[in-house]
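In what follows, every heavy atom counts, from backbone to side chain, and hydrogens, waters and symmetry copies are set aside.
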Amino acid sequence: MNRKQLVDQIFSKQSFLCVGLDTDIKKVPECLLNNEDPIFDFNKAIIDATAQYCVAYKPNLAFYECMGVKGMISFERTIKYLKENYPDHFIIADAKRGDIGNTSSMYARTFFEEYDIDSLTVAPYMGEDSVTPFLNYEGKWVILLALTSNKGSHDFQLTADQDGERLFEKVIRKSQAWGDEQNMMYVVGATQGSMFQDIRKVAPNHFLLVPGVGAQGGSLQEVCKYGIIKDCGLLVNSSRGIIYASSGSDFAEAAAIKAEALQKEMAIELNKIK
Ligand SMILES: O=c1ccn([C@@H]2O[C@H](COP(=O)(O)O)[C@@H](O)[C@H]2O)c(=O)[nH]1
């Protein structure tokens, strides 16, 4: 999916919501546990209930890999279900990959050829040759970690060099020589609040993937106040806050209510940039 197609989806659905499919078997409602593939059945119900309110889905690979082959089958079935039934939704594999060049090429082949997913989160810390193999695919996106939502983001990402440039700024500045606004986004946590002003100084036009609304307490309003740009430029993710809104048999309906509430807030924000 290219940038124009993504932006068209955002404005037509009045939403820049990404629903995180962080499906933990320990949190799947009891009513599904005797099914053959409870993880897939849970995802399918969540997708069917929330698709009208969001433009993207983000399965986090950790939640599937931890179940071995069974988990990867659920992952693959989820991707296939999305592509067959909701082809206009942008899919993000949150896998935070990145290695020496030939190994990165294999990761790229996995996510962009084997699964044909739109985008992949990538860690930038091994440098250019670890990132560029992901950028050789037309219509696919690299989403580079820049300023993450967790407390540990302060350990390295906010550290400045002797010229006062902080690591997240260096990552964004240098990586702009590798990819562009059509194939590279950055991860910036919703918990970073007014830091979005600083992000927009170094990445005024790039899309940002913003996790941390909901369970981590990030503010959608604050993210928009400092981060939204003329074609939106934001994909805001919520995982636990949506998919675990209820632990009962009404889990999908409860997820839809949470997703709709976020979509309505997003419509207000999109109206401001019309
Ligand atoms: O900085 C980051 C980068 C990635 N994540 C991921 O996003 C979701 C957030 O889940 P919630 O349940 O909405 O908190 C999860 O997959 C994280 O691994 C992040 O939170 N922060």
Side-chain angles (χ1 to χ4, degrees), residues 1-7 18 56-62 64-65 72 75-76 79 83 90-150 152-153 155-161 163 165-189 192 198-211 227 229 231 233-235 237:
M1 183 180 292
N2 64 33
R3 183 170 180 141
K4 184 180 178 308
Q5 290 165 329
L6 178 60
V7 170
C18 173
Y57 287 98
K58 182 177 79 61
N60 186 316
L61 266 292
Y64 302 88
E65 288 168 343
M72 290 314 291
F75 173 76
E76 190 168 339
I79 299 304
K83 293 184 80 65
F90 188 75
I91 307 176
I92 301 165
D94 192 356
K96 302 180 183 71
R97 296 296 145 100
D99 204 319
I100 60 167
N102 70 316
T103 307
S104 277
S105 302
M106 291 297 136
Y107 284 136
R109 205 196 277 179
T110 304
F111 292 101
F112 295 154
E113 293 184 38
E114 181 64 24
Y115 294 121
D116 193 20
I117 288 172
D118 296 296
S119 65
L120 175 71
T121 56
V122 173
Y125 301 111
M126 287 179 71
E128 179 173 4
D129 57 320
S130 75
V131 175
T132 48
F134 297 104
L135 290 164
N136 297 328
Y137 290 83
E138 184 70 32
K140 305 292 187 193
W141 295 76
V142 164
I143 311 184
L144 219 51
L145 299 181
L147 187 55
T148 56
S149 63
N150 57 325
S153 65
D155 291 340
F156 302 118
Q157 297 163 19
L158 289 172
T159 305
D161 63 16
D163 300 321
E165 187 176 45
R166 290 165 291 186
L167 183 57
F168 76 89
E169 291 165 323
K170 191 179 301 243
V171 164
I172 293 173
R173 180 180 55 76
K174 270 194 92 78
S175 62
Q176 287 181 37
W178 313 335
D180 58 30
E181 293 156 12
Q182 305 295 329
N183 65 1
M184 194 180 274
M185 304 187 187
Y186 296 103
V187 174
V188 182
Q192 300 292 350
D198 294 4
I199 295 284
R200 282 303 183 200
K201 282 182 196 149
V202 272
N205 297 316
H206 283 75
F207 253 83
L208 306 177
L209 170 64
V210 184
I229 56 175
D231 71 354
L234 298 172
L235 285 174
N237 179 84

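Listed for the S104 side chain is a donor-acceptor partner under 3.5 Å among the backbone atoms of D99. Remark: side-chain polar atoms of N2 are not paired, donor with acceptor, to backbone N or O of G139 under 3.5 angstrom. Between the side chain of S119 and the main chain of A93, no donor-acceptor pair closer than 3.5 Å is present. W141 contributes a side-chain N or O that, together with a main-chain N or O of M1, makes up a donor-acceptor pair within less than 3.5 Å. Looking only at distances, a side-chain donor or acceptor of T121 sits under 3.5 Å from a matching main-chain atom of A95. Remark: side-chain polar atoms of S153 are not paired, donor with acceptor, to backbone N or O of S149 under 3.5 angstrom. Remark: side-chain polar atoms of D163 are not paired, donor with acceptor, to backbone N or O of E165 under 3.5 angstrom. With hydrogens and angles ignored, the 3.5 Å screen pairs no side-chain donor or acceptor of D129 with any backbone N or O of T132.
Taking D198 as the reference, R166, K201 meet the salt bridge (Lys or Arg N to Asp or Glu O under 4.0 Å) condition, with sequence neighbours excluded. Remark: D155 pairs with no residue by the salt bridge (Lys or Arg N to Asp or Glu O under 4.0 Å) rule, at least two apart or across chains. The ring-ring contact (aromatic ring centres under 6.0 Å, His included) check on F207 picks up nothing, with sequence neighbours excluded. In terms of the ring-ring contact (aromatic ring centres under 6.0 Å, His included) criterion, residue partners of Y64 (sequence neighbours excluded) are, by chain and number, F75. The salt bridge (Lys or Arg N to Asp or Glu O under 4.0 Å) check on D116 picks up K83, K140, with sequence neighbours excluded. R97 meets the side-chain hydrogen bond (donor to acceptor under 3.5 Å, both in side chains) test with E65; sequence neighbours excluded.
Ring geometry for H206 versus Y186: interplanar angle of 30 to 60°, hence tilted.
Residues D231 and K4 are not in side-chain contact: their nearest non-hydrogen atoms beyond the backbone lie 4.5 Å or more apart. Here the side chains of S175 and V131 are not in contact, with every heavy-atom distance at 4.5 Å or above. Considering only heavy atoms from C-beta on, L147 stays 4.5 Å or farther from V171 through its side chain.
Put simply, OG1 on T159 and CZ on F168 are 11.0 Å apart, with the number rounded to the nearest 0.5 Å. From L120, atom CG reaches atom CG of L61 across 8.0 Å, with rounding to the nearest 0.5 Å. For the atom pair CZ (F112) and CG (L135), the distance works out to 8.0 Å, reported to the nearest 0.5 Å. Once rounded to the nearest 0.5 Å, the distance linking CG of D161 with CD of E169 reads 9.0 Å. In this structure, I199 CD1 and I172 CD1 are separated by 4.0 Å, a value rounded to the nearest 0.5 Å. One finds the CZ atom of R109 at 7.0 Å from the OH atom of Y137 (value rounded to the nearest 0.5 Å).
By the 6.0 Å contact criterion, CZ on R173 is enclosed, its count of non-hydrogen atoms from other residues, nucleotides or ligands being greater than 12. By the neighbour-count criterion of 12 heavy atoms within 6.0 Å, atom OH of Y125 is densely surrounded, having more than that number from other residues, nucleotides or ligands.
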For this session: With side-chain contact (heavy atoms from CB on, under 4.5 Å) as the test, would you mind laying out the steps for L235 and M185 before giving the verdict?
Result: CA-CA 10 Å; L235 285 174; M185 304 187 187; 4.1 Å; yes

Problem set entry | Steps toward side-chain contact (heavy atoms from CB on, under 4.5 Å) verdict (D94, I143) | CA-CA 9 Å; D94 192 356; I143 311 184; over 6 Å; no

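The minimum heavy-atom distance between I229 and R3, with the atom names listed, is CD1-NH2, 3.9 Å. In this structure, Q192 and T148 approach most closely via the heavy-atom pair NE2-O, 2.5 Å. Minimum heavy-atom separation, C18 to K58: SG-CB, 3.5 Å. Between P211 and V188, the closest heavy-atom pair is CD-O, 3.5 Å. Closest approach of P124 to L144, counting heavy atoms only: CB-CG, 3.8 Å. For the residue pair P59 and I91, the shortest heavy atom distance occurs at CD-CG2, 4.3 Å.
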